[in-house]
Amino acid sequence: MTVVSPDNRRTRRGFPPGFAWGTATAAYQIEGAVTEGGRTPSIWDTFSHTPGKVANGDTGDIALDHYRRFREDVRLMADLGLTSYRFSISWPRVQPTGRGPAAERGLDFYRELVDELLAHGITPVATLYHWDLPQELETPPIGGSAAGGWPSRDTAYRFADYAGLAAEALGDRVSTWTTLNEPWCSAFLGYGAGVHAPGRTDPADALRAAHHLNLGHGLAVGALRAALPAAAQLAVSLNLHVVRPLSERPEDLEAVRRIDAVGNRIWTGPMLKGRYDEDLLQDTAHLVDWDALVHEGDLAEISRPIDLLGLNYYNPTVVSASAPGQALPRDDGHGGGTASPWPGAEDVAFHRANDDLTAMDWPIDPTGLSDCLLAMHREFGLPLLVSENGAAFHDTVAPDGSVHDPERTAYLRGHLDAVADAIAAGADVRGYYLWSLLDNFEWAYGYDKRFGIVHVDYDTLVRTPKSSAHWYAGVIRRGGLD
């Protein structure tokens with residue numbers, strides 16, 4: 001997607017009435033308490049306990065102990081003036097092993113969390129899947145069927161059952177639901193590159209996982225509609241890649257097309273148009289038999305209407321064709337694995353957009369956010385959420401205990417300005433969810449990367465709002481940017 005952002009900057013930039021000012025988190029990254037209430041292991045429990053998979057051997061066993069400290073964390077949100085909070089529900093906490101009835105103790109935790117949010121005037125937004133697949137759905141016990149996970153069609157049906165259980169328990173309290181968070185990462189980092197759980201490196205399985213994540217989304221939308229009040233708002237959160245060519249050479253434009261196909265249109269096509277684009281099918285036909293993979297009725301199921309489209313944005317993607325015989329270090333910002341997360345486009349070369357980098361070595365370019373919002377607005381016309389946006393930096397604690405992070409404040413200012421640009425150009429953006437509320441377990445990077453606007457001392461678990469948190473509180477209080 002390539003869109004020229006308008007230059008609509010003003011001295012004072014307001015946002016629409018009712019705009020949701022939020023933050024976002026994920027269950028495995030913050031909750032801890034991995035054996036409480038009957039919770040069983042997820043694929044991330046297994047992956048993080050596998051030597052060499054996560055930096056420093058870190059795990060989410062304790063994480064931030066949010067399971068026990070959630071009231072303290074909600075008070076932090078209230079102090080900042082947040083109007084909304086996007087959290088994820090741990091599937092193995094609610095439905096241990098991914099099958100059977102719900103675990104009431106697991107549901108009670110989310111009931112209490114939501115009640116606490118509502119008591120402080122904070123609107124809860126629930127995400128059903130932020131990567132913590134129950135391990136028994138990935139690798140059944142001895143004597144069970146072969147390894148499954150998202151490459152198995154059955155997982156999509158198990159996900160719909162879980163969605164129904166969560167909606168029946170929380171639907172009287174939660175009115176906005178997201179089915180999947182970043183299914184691209186689930187499919188292609190988990191089953192293609194192997195740098196995320198479950199750590200498999202099979203491009204065919206990655207594509208099968210993508211289709212079954214799409215199917216799981218559609219089936220979950222059906223289950224949610226059946227269980228929730230008619231006014232409930234349903235969404236999906238996609239990390240769409242803002243793909244730009246290194247040059248205008250035809251071969252570089254072709255590289256853009258290929259990455260756009262497997263990075264973006266593999267989701268937006270079936271979910272929002274009811275089809276897989278023909279070029280995507282041709283690019284990957286040597287890896288999977290799409291006719292056998294996509295059953296009759298699947299696309300109608302996947303394309304059930306949703307109310308909101310969530311977009312997660314961190315940086316643009318610059319690509320080019322590779323020269324014959326060129327070695328390709330995979331500098332695409334998605335970890336250092338040797339296997340590719342781009343099935344059918346493994347030979348595309350990636351380049352940094354610029355050298356203004358976060359601690360993740362991701363380039364800082366807010367124009368990509370306005371480009372993405374405008375492209376989705378023009379193509380699909382759906383109300384939009386910025387469901388994740390933020391940055392990791394090397395934060396330090398001052399002798400007085402404060403944490404001053406001007407780089408993050410500048411990052412957030414630039415990206416909120418980009419959201420305002422998109423709104424001024426006509427995009428219907430309903431909210432912004434900063435990633436993240438708290439420093440946390442950053443997946444394969446362990447605790448080395450800090451994305452939070454609240455600093456966490458991992459030894460004591462003491463929370464300290466950073467200067468960026470105070471700045472964000474001021475934006476919320478004013479309802480916009482100065």
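The residues of the chain are indexed from 1 along the displayed sequence. As the structure is a computational prediction, the values presented were derived from the model and not from experiment.
Proximity of a side-chain donor or acceptor of S436 to a complementary backbone N or O of F451 within less than 3.5 Å is not detected. Put simply, the side chain of T201 never gets that close to the backbone of G192: no donor and acceptor are under 3.5 Å apart. In terms of modelled atom types and a separation under 3.5 Å, the side chain of R13 and the main chain of D417 share a donor-acceptor contact. The closest donor-acceptor contact from the side chain of S322 to the backbone of A349 lies at 3.5 Å or more, if one exists at all. In this structure, the side chain of S84 engages the main chain of T123 through a donor-acceptor pair within 3.5 Å. Between the D132 side chain and the S42 main chain, no donor and acceptor come within less than 3.5 Å of each other. At least one donor-acceptor pair under 3.5 Å links the side chain of S88 to the backbone N or O of A27. Side-chain N or O atoms of D421 include none that pairs as donor or acceptor with a backbone N or O of L369 at under 3.5 Å. A donor-acceptor pair under 3.5 Å is absent between the side-chain atoms of N239 and the main chain of N312, judged by distance alone. Although no hydrogens or angles enter the test, the distance criterion places no donor-acceptor pair under 3.5 Å between the side chain of D356 and the main chain of P363.
You'll find the side chain of E442 stays beyond 4.5 Å of the side chain of D58, heavy atoms only. A 4.5 Å side-chain heavy-atom check between Y313 and P366 finds every atom pair outside the cut-off. Annotation: side chain of V319 is not in contact with side chain of D252 (no heavy-atom distance under 4.5 Å). The side-chain heavy atoms of F19 and I423, taken from C-beta on, include a pair separated by under 4.5 Å. Under the 4.5 Å side-chain criterion, counting only non-hydrogen atoms from C-beta, Q29 is not in contact with W44. At a threshold of 4.5 Å between non-hydrogen side-chain atoms, the residues W177 and V221 do not count as touching. Proximity of F15 to V419: side-chain heavy atoms (C-beta onward) are separated by under 4.5 Å at one or more points. For the pair L180/L213, a side-chain contact is recorded, criterion being any heavy-atom separation below 4.5 Å from C-beta on.
Two rings, from W150 and H196, have their centers 6.0 Å or more apart. The aromatic ring centres of W342 and W184 sit less than 6.0 Å apart.
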- Stepwise side chain to side chain contact (heavy atoms under 4.5 Å, CB included) test for L82 and H120: CA-CA 10 Å; L82 298 184; H120 285 83; over 6 Å; no
**Asked** What's the verdict on side chain to side chain contact (heavy atoms under 4.5 Å, CB included) for E379 and K273, showing C-alpha distance, side-chain angles and the deciding distance?
**Response** CA-CA 10 Å; E379 186 166 7; K273 295 181 177 180; 2.7 Å; yes
Next item on the list: Give the intermediate values and the outcome of side chain to side chain contact (heavy atoms under 4.5 Å, CB included) for residues L240 and T268.
Entry: CA-CA 9 Å; L240 298 180; T268 59; 4.1 Å; yes
Pair D202-Y191, side chain to side chain contact (heavy atoms under 4.5 Å, CB included): steps then yes or no:
CA-CA 6 Å; D202 184 329; Y191 294 93; over 6 Å; no
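Across all non-hydrogen atoms, the minimal contact from S48 to Y28 is OG-OH, 2.9 Å. The minimum heavy-atom distance linking G149 with E138 is given by the pair CA-OE1, 3.1 Å. The shortest heavy-atom contact between A353 and P316 is CB-CG, 3.8 Å. When every heavy atom of F87 is checked against every heavy atom of P124, the shortest pair comes out as CE2-CB, 3.9 Å. A pairwise comparison of heavy atoms in L382 and I306 identifies CD2-O, 3.7 Å as the closest pair. Across every non-hydrogen atom of A220 and F159, the tightest pair is CB-CE2, 3.5 Å.
Residues meeting the side chain to side chain contact (heavy atoms under 4.5 Å, CB included) test with L287, sequence neighbours left out: P203, L207, P343, E346. With sequence neighbours excluded, the residues satisfying salt bridge (Lys or Arg N to Asp or Glu O under 4.0 Å) with D277 are R265, R275. Qualifying ring pair (Phe, Tyr, Trp, His ring centres under 6.0 Å) partners for Y433, counting only residues two or more places apart in sequence or in other chains: none. Shown here are the ring pair (Phe, Tyr, Trp, His ring centres under 6.0 Å) partners of Y411, two or more places apart in sequence or in another chain: H415. The ring pair (Phe, Tyr, Trp, His ring centres under 6.0 Å) check on Y472 picks up nothing, with sequence neighbours excluded. Partners of H211 under the ring pair (Phe, Tyr, Trp, His ring centres under 6.0 Å) rule, at least two apart in sequence or in another chain, are Y276.
Atom CG of D65 and atom CG of D73 lie 9.5 Å apart (nearest 0.5 Å). Taking NE2 of H351 as the start and CG of L246 as the end, the distance is 4.5 Å to the nearest 0.5 Å. Note that CD1 of I302 and NE2 of H217 are 8.5 Å apart. Values are rounded to the nearest 0.5 Å. The line from CH2 of W131 to SG of C185 is 4.0 Å long, rounded to the nearest 0.5 Å. Rounding to the nearest 0.5 angstrom, the gap separating the CG atom in L272 from the CE atom in M376 is 8.5 Å. If you take CD1 on I89 and OH on Y129, they are separated by 14.0 Å, rounding to the nearest 0.5 Å.
No more than 12 heavy-atom neighbours from other residues, nucleotides or ligands sit within 6.0 angstrom of CD1 on I62.
We find that D283 and R258 are not joined by a salt bridge, their nearest charged nitrogen and carboxylate oxygen being 4.0 Å or further apart. Salt-bridge formation is not detected for the pair R75/E72: no Lys NZ or Arg NE/NH1/NH2 atom is positioned less than 4.0 Å from an Asp or Glu carboxylate oxygen. One finds a salt bridge joining R208 and D205 here, because a Lys/Arg side-chain nitrogen approaches an Asp/Glu carboxylate oxygen to under 4.0 Å.
Looking at S90 and Y110, their side chains never bring a donor and an acceptor atom within 3.5 Å of each other.
Screening residues 443-454 for salt bridge (Lys or Arg N to Asp or Glu O under 4.0 Å), with sequence neighbours left out, gives D439-R450. Under the ring-ring contact (aromatic ring centres under 6.0 Å, His included) criterion, the residue pairs touching residues 51-70 are Y67-F109, F70-F109, with sequence neighbours excluded. For residues 422-432, the side-chain hydrogen bond (donor to acceptor under 3.5 Å, both in side chains) pairs, not counting sequence neighbours, are N389-Y432, D428-R430. Residue pairs that meet the salt bridge (Lys or Arg N to Asp or Glu O under 4.0 Å) test with at least one member in residues 391-404, sequence neighbours left out, are D395-R408, D395-K466. The salt bridge (Lys or Arg N to Asp or Glu O under 4.0 Å) pairs that include a residue from residues 182-197 number zero, where partners must be two or more places apart or lie in different chains. Screening residues 356-394 for ring-ring contact (aromatic ring centres under 6.0 Å, His included), with sequence neighbours left out, gives Y314-W362.
Among R93, R68, R69, the single residue meeting the salt bridge (charged side-chain N to carboxylate O under 4.0 Å, His left out) criterion with E31 is R93.
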